[in-house]
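In what follows, residues are counted from 1 in the order of the sequence shown. Fair warning: this is a prediction, and the values are worked out from it, not measured in the lab.
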Amino acid sequence: MGKIVFRRSFEYYEYFTAILISIGMVLFLLTHGTGIHEHEDDSMVTTTLSGVVILIGYMGFDSFTSNWQGELFREYRMSSVQMMFGVNVFSCLFTALALIEQGGFIEGASFAHRHPLFLAHVVIISICSSTGQLFIYYTISQFGPVIFTIIMTTRQMFAVLLSVLIYHHPLPGLGAVGILIVFSGLFLRIYAQTRMKRKSPVSSTSGGNVVHSTPSATVQQQAFKTVDNGKLRSEGQSPVVL
């Protein structure tokens with residue numbers, strides 16, 4: 001999405017590892033749950049065309065959102081709190097308009113008034129969600145949307161994997177292959193990044209910033225030293241030897 005929308009350039013290994021992780025996640029998620037609903041109607045567990053279209057739309061909009069937020073962080077130097085405020089304001093607006101149009105706003109408010117415990121649970125979930133959003137926006141602002149997407153994809157796979165381990169859901173062989181492909185893509189990305197950092201030429205560092213030495217810069221430094229020493233001689237002072 002970053003390549004399509006913002007014309008950004010990525011390394012070849014980044015494309016390759018992204019494809020690997022995507023294939024692994026698709027294999028794992030499509031095979032997860034096979035055998036759980038063996039006695040139910042086949043229509044309940046069949047992947048329909050509309051479901052695939054909705055899933056593709058979700059993936060497209062989700063990847064666009066993180067890339068767009070990364071561009072806002074880069075262009076306007078926004079903070080995580082500012083980004084969270086803007087996103088949540090428009091989310092509340094769109095949700096309130098949808099509830100009013102469907103006639104569920106008053107009904108929902110009366111339900112919350114009749115059940116105070118429900119309102120307390122909503123407040124707790126909102127606090128947890130807001131804390132999670134701070135971490136999400138901080139990750140996007142500091143490390144970029146690509147790293148954030150990899151983290152979220154891996155988190156979803158771990159969530160399903162924990163459900164397999166804790167609740168003893170069956171894991172088909174194709175799902176295990178998907179897990180291996182995902183981890184292979186992650187390790188390959190780490191290995192490629194390490195190799196790229198070792199190959200990058202670095203002459204010296206100053207305050208955390210990389211300083212490259214060039215012949216023109218060296219000539220300019222010598223010229224400045226000569227001029228300074230000439231001024232010192234004319235003033236009767238000893239030249240400084242550097």
Side-chain angles (χ1 to χ4, degrees), residues 1-32 55-56 58-84 87 131-162 164-165 171 174-215 217:
M1 186 60 70
K3 178 70 174 178
I4 297 173
V5 178
F6 302 110
R7 307 297 181 185
R8 293 176 181 170
S9 59
F10 298 94
E11 299 291 339
Y12 290 110
Y13 74 87
E14 292 181 307
Y15 292 108
F16 183 69
T17 53
I19 293 172
L20 275 182
I21 294 173
S22 300
I23 293 174
M25 280 297 298
V26 168
L27 290 176
F28 182 74
L29 293 177
L30 288 181
T31 56
H32 175 66
L55 182 61
I56 292 174
Y58 160 74
M59 294 173 61
F61 287 117
D62 187 65
S63 59
F64 173 79
T65 300
S66 59
N67 278 278
W68 186 260
Q69 288 171 345
E71 189 68 16
L72 291 178
F73 280 122
R74 187 189 66 83
E75 184 73 21
Y76 300 103
R77 305 296 181 185
M78 301 175 64
S79 66
S80 301
V81 177
Q82 289 173 329
M83 178 67 73
M84 185 173 67
V87 171
T131 306
Q133 284 185 9
L134 286 175
F135 285 105
I136 288 173
Y137 297 136
Y138 179 80
T139 303
I140 295 174
S141 63
Q142 296 296 319
F143 304 101
V146 176
I147 300 297
F148 169 72
T149 303
I150 292 175
I151 292 173
M152 294 300 293
T153 304
T154 310
R155 179 196 66 82
Q156 291 176 356
M157 192 198 68
F158 272 115
V160 180
L161 186 60
L162 285 175
V164 172
L165 296 176
L171 180 63
L174 200 58
V177 172
I179 294 175
L180 291 177
I181 292 176
V182 169
F183 279 106
S184 299
L186 292 175
F187 286 124
L188 180 61
R189 181 183 178 85
I190 295 172
Y191 173 76
Q193 285 180 338
T194 305
R195 290 292 300 271
M196 292 289 290
K197 288 180 181 178
R198 289 178 179 176
K199 288 182 178 180
S200 59
V202 178
S203 59
S204 62
T205 57
S206 175
N209 297 324
V210 178
V211 179
H212 298 278
S213 179
T214 60

query: Under the side chain to side chain donor-acceptor pair (under 3.5 Å) test, which residues partner Y138, sequence neighbours left out?
result: none
- prompt: What is the distance from atom CD1 of I150 to atom OG1 of T139, rounded to the nearest 0.5 Å?
  reply: 12.5 Å
task: Looking only at non-hydrogen atoms, find the nearest pair between I181 and I23 and report the distance.
output: CD1-CG2, 4.5 Å
statement: Hits for side-chain contact (heavy atoms from CB on, under 4.5 Å) against Y12, two or more places apart or cross-chain, chain-then-number order -> none
- prompt: Which atom names give the shortest non-hydrogen contact between P145 and S66, and what distance separates them?
  reply: CB-O, 3.5 Å
query: Residues two or more places apart in sequence or in another chain: which of them pass ring-ring contact (aromatic ring centres under 6.0 Å, His included) with F143?
result: none
statement: Across all chains, not counting sequence neighbours, the side-chain contact (heavy atoms from CB on, under 4.5 Å) partners of S79 are V81, Q82
message: Could you work out, with side chain to side chain donor-acceptor pair (under 3.5 Å) as the rule, every residue matching Q133, not counting sequence neighbours?
response: N88
- request: Using the salt bridge (Lys or Arg N to Asp or Glu O under 4.0 Å) rule, collect all pairs that involve residues 184-194, keeping only residues at least two apart or in two chains.
  value: E14-R189
- request: Working to the nearest 0.5 Å, report the span between CD1 of I21 and CZ of F16.
  value: 11.0 Å
field: Partners meeting side-chain contact (heavy atoms from CB on, under 4.5 Å) with I190 (sequence neighbours left out)
entry: T194
message: Using 0.5 Å steps for rounding, measure from the CZ atom of F148 to the OH atom of Y137.
response: 8.5 Å
query: Can you list the residues that meet the ring-ring contact (aromatic ring centres under 6.0 Å, His included) rule with F158, with sequence neighbours excluded?
result: F183
- prompt: Yes or no on side chain to side chain contact (heavy atoms under 4.5 Å, CB included) for D62 and M152, after CA distance, side-chain angles and deciding distance?
  reply: CA-CA 11 Å; D62 187 65; M152 294 300 293; over 6 Å; no
- prompt: Can you name the side-chain contact (heavy atoms from CB on, under 4.5 Å) partners of L180, sequence neighbours left out?
  reply: none
field: For the student: nearest non-hydrogen atoms of M83 and F73, plus distance
entry: CB-CZ, 3.7 Å
